[in-house]
Colleague: 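Here it is, the structure, as structure tokens.
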Amino acid sequence: MTSPYVREITREDHLSHLRLYPDASHLQIPEWGDVKPDWRAESVGWFEDGPAGEVLIASALVLYRPLPGTRRCLAYLPDGPGIDWRAPRVDRWLDALVAHVERRGAFSLRMGPPLVVRHWEADTVAAGVADPDVRHLHDLPADGLDGYALDLAERLGRFGWRRCADGNGSGFGLGQPRYGCQVPLAGRSTEDLRNALAPRWEQSLATAERAGVLASWGTAADLPEFYRLYTATAERDGFRARPLIYFQRLWAALNAVDGDRVRVYLAEYDGEVLSAALMIGVGSRVWHSYASSGRRGRELRPSSALLWRMLGDARQAGARTYDLRSITPTLTEDRLLGRLLFKTGAGGRAVEYLGEWEHPVGSQGKTLQRAVGVYLGRR
């Protein structure tokens with residue numbers, strides 16, 4: 001076999017290839033490009049030449065964002081690429097990708113290998129929160145450690161890649177969380193999930209059930225009601241809300257091929273919606289997205305009723321992992337600690353991903369990367 005090379009593929013070929021890999025992220029399906037109109041999307045494939053011709057061995061979605069005032073752009077693969085990260089010469093796969101985006105005019109390539117380095121079970125996290133000497137997840141012994149992922153981080157450095165700072169400080173509107181929370185669903189019954197709830201979480205769920213809070217699966221017509229709670233959450237928590245059109249576009253784009261990729265869930269009491277969230281499902285994974293709630297009725301614990309319904313529906317649909325998205329790795333008292341305890345209390349394990357990495361592209365790549373960094377630092 002020759003060294004792999006990268007070229008553009010059709011959306012249809014991309015989708016067909018992804019069906020062979022059910023663990024792919026929803027950020028790596030072709031439709032995700034339709035959610036991001038400020039970026040130019042391209043489906044690419046890795047090929048090798050075999051006896052019967054070229055063979056598609058991996059695929060990915062690349063997003064390109066123009067650098068103002070230049071003909072250059074940033075290339076970004078959120079939660080990707082989904083290549084064989086355990087290949088003996090993974091640097092050849094990455095070199096082929098760098099060469100391809102250079103032909104597209106990129107000055108920098110950013111990616112987020114979808115690998116979990118460490119994880120901590122819910123009981124371990126709870127013990128850490130209760131211990132005043134523990135301030136960070138890294139102060140706790142991990143319940144699982146992927147030595148290969150650790151080795152890959154060291155090799156990426158040798159290949160010329162640099163780890164990006166955590167958070168979204170690029171100015172390009174990108175950056176996936178380094179720490180997250182996942183609830184394993186494979187092979188577990190509803191009773192197994194209920195038994196895994198933390199005592200206080202179980203009490204909250206029982207409160208919602210006794211009060212008659214009803215959690216249900218909505219339709220596109222319910223997006224404005226979801227958005228009302230989302231903007232209230234943004235104002236309360238101090239983050240910038242996306243416009244309603246973003247969620248309408250997300251709904252239309254992701255449900256265009258498979259009409260059940262995005263669902264909206266609502267928790268109601270006495271005819272009033274108290275909590276809402278989106279559930280995005282691709283392959284064997286489900287993502288809990290944009291969970292929102294108002295100030296009214298919080299004593300009824302509608303968010304617990306909502307998540308419990310969504311966990312059950314995801315399990316019944318055959319999902320193997322329920323992804324609760326980002327958490328704080330800091331275990332000291334702050335406004336994010338309650339969110340961490342809510343997610344791990346639902347039976348979720350805290351996970352640390354390999355994180356996002358960037359590589360300069362072309363002869364001016366490093367210079368432009370530094371210039372963008374200086375510009376953003378002065379804003």
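Quick caveat, the model's predicted, so the values are computed rather than measured.
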Colleague: Grab the two heavy atoms, one from Gly112 and one from Glu356, that are nearest each other, plus how far apart they are.
Modeller: CA-CG, 4.1 Å
Colleague: Hey, is CZ on Arg236 packed in by over 12 heavy atoms from elsewhere, all under 6.0 Å?
Modeller: yes
Colleague: If Ile, Leu, Val, Met, Phe, Trp and Tyr residues are connected whenever their side-chain heavy atoms lie under 4.5 Å apart, and connections chain through other members, are Phe226 and Leu229 in the same group?
Modeller: yes
Colleague: Working to the nearest 0.5 Å, report the span between CZ of Arg178 and CD of Glu352.
Modeller: 4.5 Å
Colleague: Could you tell me how the ring of Trp46 sits relative to the ring of Trp93: parallel (under 30°), tilted (30 to 60°) or perpendicular (over 60°)?
Modeller: tilted
Colleague: Just verifying a value: how many Å separate Ile327 CD1 and Arg349 CZ, rounded to the nearest 0.5 Å?
Modeller: 12.5 Å
Colleague: Could you tell me the separation between the OG atom of Ser3 and the CG atom of Asp49, rounded to the nearest 0.5 Å?
Modeller: 10.0 Å
Colleague: Between Thr233 and Ser293 (side chain of the first, backbone of the second, donor and acceptor by atom type, cut-off under 3.5 Å), is there such a pair?
Modeller: yes
Colleague: Can Glu8 and Arg103 be counted as an ion pair, charged N to O under 4.0 angstrom?
Modeller: no
Colleague: Val257 and Glu31: which non-hydrogen atoms are nearest, and at how many Å?
Modeller: CG2-OE2, 3.3 Å
Colleague: Determine whether more than 12 heavy atoms belonging to other residues, nucleotides or ligands lie under 6.0 Å from atom CZ of Arg200.
Modeller: no
Colleague: About how many Å separate CD of Glu268 and CG of Leu306, when rounded to the nearest 0.5 Å?
Modeller: 10.5 Å
Colleague: Is the shortest heavy-atom distance from the side chain of Thr70 to the side chain of Phe107 under 4.5 Å?
Modeller: no
Colleague: If two hydrophobic side chains count as joined below 4.5 Å and joins carry through other members, does Val35 share a cluster with Val264?
Modeller: yes
Colleague: Is the shortest side-chain heavy-atom distance between Val129 and Val134 below 4.5 Å?
Modeller: no
Colleague: Quick one about Arg263 and Tyr265 (side-chain donor to acceptor, distance below 3.5 Å, no hydrogens or angles considered), yes or no?
Modeller: yes
Colleague: Going by distance alone, is a donor N or O of one side chain under 3.5 Å from an acceptor N or O of the other, for Ser189 and Asp192?
Modeller: yes
Colleague: Check whether any side-chain heavy atom of Val213 lies under 4.5 Å from a side-chain heavy atom of Ser304, and answer yes or no.
Modeller: no
Colleague: Relative to each other, are the rings of Tyr290 and Tyr230 parallel, tilted or perpendicular (30° and 60° limits)?
Modeller: perpendicular
Colleague: Can Leu205 be reached from Leu341 by stepping across I, L, V, M, F, W or Y side chains whose heavy atoms are under 4.5 Å apart?
Modeller: no
Colleague: Just wondering, are more than 12 heavy atoms of other shown residues or ligands nearer than 6.0 Å to CZ in Arg71?
Modeller: no
Colleague: Are any of the side-chain heavy atoms of Phe47 and Ile9 separated by less than 4.5 Å?
Modeller: yes
Colleague: Mark yes or no: Arg301 above the aromatic ring of Trp201, with NZ or CZ under 6.0 Å from the six-membered ring centre and no more than 45 degrees from the axis.
Modeller: no
Colleague: Quick check against the 3.5 Å criterion: does Tyr227 have a side-chain atom that pairs as donor or acceptor with the backbone of Ile245?
Modeller: no
Colleague: Determine whether a donor-acceptor pair (N or O, by modelled atom type, separation under 3.5 Å) exists between the side chain of Arg309 and the backbone of Leu214.
Modeller: no
Colleague: When you look at CD of Glu191, are more than 12 heavy atoms from neighbouring residues, nucleotides or ligands closer to it than 6.0 Å?
Modeller: no
Colleague: Do Arg118 side-chain atoms and Leu145 backbone N/O form a donor-acceptor pair below 3.5 Å?
Modeller: no
Colleague: Would Arg65 pass as a cation-pi partner of Tyr76, given that its NZ or CZ must be under 6.0 Å from the six-membered ring centre and within 45 degrees of the axis?
Modeller: no
Colleague: Testing the basics here: between Ser326 and Pro177, what is the closest heavy-atom pair and its distance to 0.1 Å?
Modeller: CB-CB, 3.5 Å
Colleague: Considering only NZ, NE, NH1 and NH2 on the basic side and carboxylate oxygens on the acidic side, decide whether Asp91 and Arg89 come within less than 4.0 Å.
Modeller: yes
Colleague: Closer than 3.5 angstrom, by distance alone: can the side chain of Tyr148 be matched with the main-chain N or O of Trp85 as a donor-acceptor pair?
Modeller: yes
Colleague: Side chain of Arg72, backbone of Gly105: donor and acceptor closer than 3.5 Å?
Modeller: yes
Colleague: Take Asp222 and Val273 through the test side chain to side chain contact (heavy atoms under 4.5 Å, CB included) and record every step on the way to the result.
Modeller: CA-CA 10 Å; Asp222 295 302; Val273 178; over 6 Å; no
Colleague: Report the C-alpha separation of Leu150 and Val117 in whole Å, then their side-chain angles, then the decisive distance to 0.1 Å, and conclude whether the side chain to side chain contact (heavy atoms under 4.5 Å, CB included) test is met.
Modeller: CA-CA 7 Å; Leu150 284 176; Val117 179; 3.5 Å; yes
Colleague: Donor-acceptor pair, Lys343 side chain versus Leu324 backbone, under 3.5 Å?
Modeller: yes
Colleague: Stepwise, does the side chain to side chain contact (heavy atoms under 4.5 Å, CB included) test hold for Val282 with Trp287?
Modeller: CA-CA 9 Å; Val282 173; Trp287 288 263; 4.0 Å; yes
Colleague: Give the minimum heavy-atom separation between Asp23 and Arg285, together with the two atoms involved.
Modeller: O-NH1, 3.4 Å
Colleague: Restricting to non-hydrogen atoms, name the atom on Pro114 and the atom on Pro81 that form the minimum distance, rounded to 0.1 Å.
Modeller: CD-O, 3.6 Å
Colleague: Would you indicate whether the side-chain heavy atoms of Leu197 and Trp308 approach each other to under 4.5 Å?
Modeller: yes
Colleague: For Glu333, look at atom CD and say whether over 12 heavy atoms of other residues, nucleotides or ligands are found less than 6.0 Å away.
Modeller: no
Colleague: Are the side chain of Asp334 and the backbone N or O of Leu336 linked by a donor-acceptor pair below 3.5 Å?
Modeller: yes
Colleague: Are any non-hydrogen side-chain atoms of Leu278 and Leu223 less than 4.5 angstrom apart?
Modeller: yes
Colleague: Check whether Tyr5 and Val62 end up in the same hydrophobic cluster, where Ile, Leu, Val, Met, Phe, Trp and Tyr are linked by side-chain heavy atoms less than 4.5 Å apart.
Modeller: no
Colleague: Less than 4.5 Å apart, side chain to side chain, heavy atoms only: is that true for Val101 and His359?
Modeller: no
Colleague: Supply the atom-to-atom distance Arg228 CZ to Leu244 CG, rounded to the nearest 0.5 angstrom.
Modeller: 13.0 Å
Colleague: Of all residues at least two apart in sequence or in a different chain, which pass the ring pair (Phe, Tyr, Trp, His ring centres under 6.0 Å) check with Trp357?
Modeller: none
Colleague: Using 0.5 Å steps for rounding, measure from the CH2 atom of Trp32 to the OG atom of Ser25.
Modeller: 8.5 Å
Colleague: Between the main-chain N or O of Ala127 and the side-chain N or O of Asp131, is there a donor-acceptor pair closer than 3.5 Å?
Modeller: no
Colleague: Kindly work out whether a path of hydrophobic side-chain contacts (I/L/V/M/F/W/Y, heavy atoms less than 4.5 Å apart) joins Leu115 to Phe159.
Modeller: yes
Colleague: Mark yes or no for whether Ser16, through its side chain, and Glu12, through its backbone, hold a donor-acceptor pair below 3.5 Å.
Modeller: no
Colleague: For a quick test of reading the model, state the closest non-hydrogen atom pair linking Ile29 to Arg261 and the distance between them.
Modeller: CD1-NH1, 3.5 Å
Colleague: Would you call Gln176 and Arg325 a side-chain contact if the rule is heavy atoms closer than 4.5 Å?
Modeller: yes
Colleague: Set out, in order, the CA-CA distance, both residues' side-chain angles and the distance that settles side chain to side chain contact (heavy atoms under 4.5 Å, CB included) for Leu109 and Trp161, then state yes or no.
Modeller: CA-CA 9 Å; Leu109 172 61; Trp161 292 81; 3.5 Å; yes
Colleague: If the plane angle is over 60° it's perpendicular, under 30° parallel, otherwise tilted; pick one for Tyr322 and His288.
Modeller: tilted
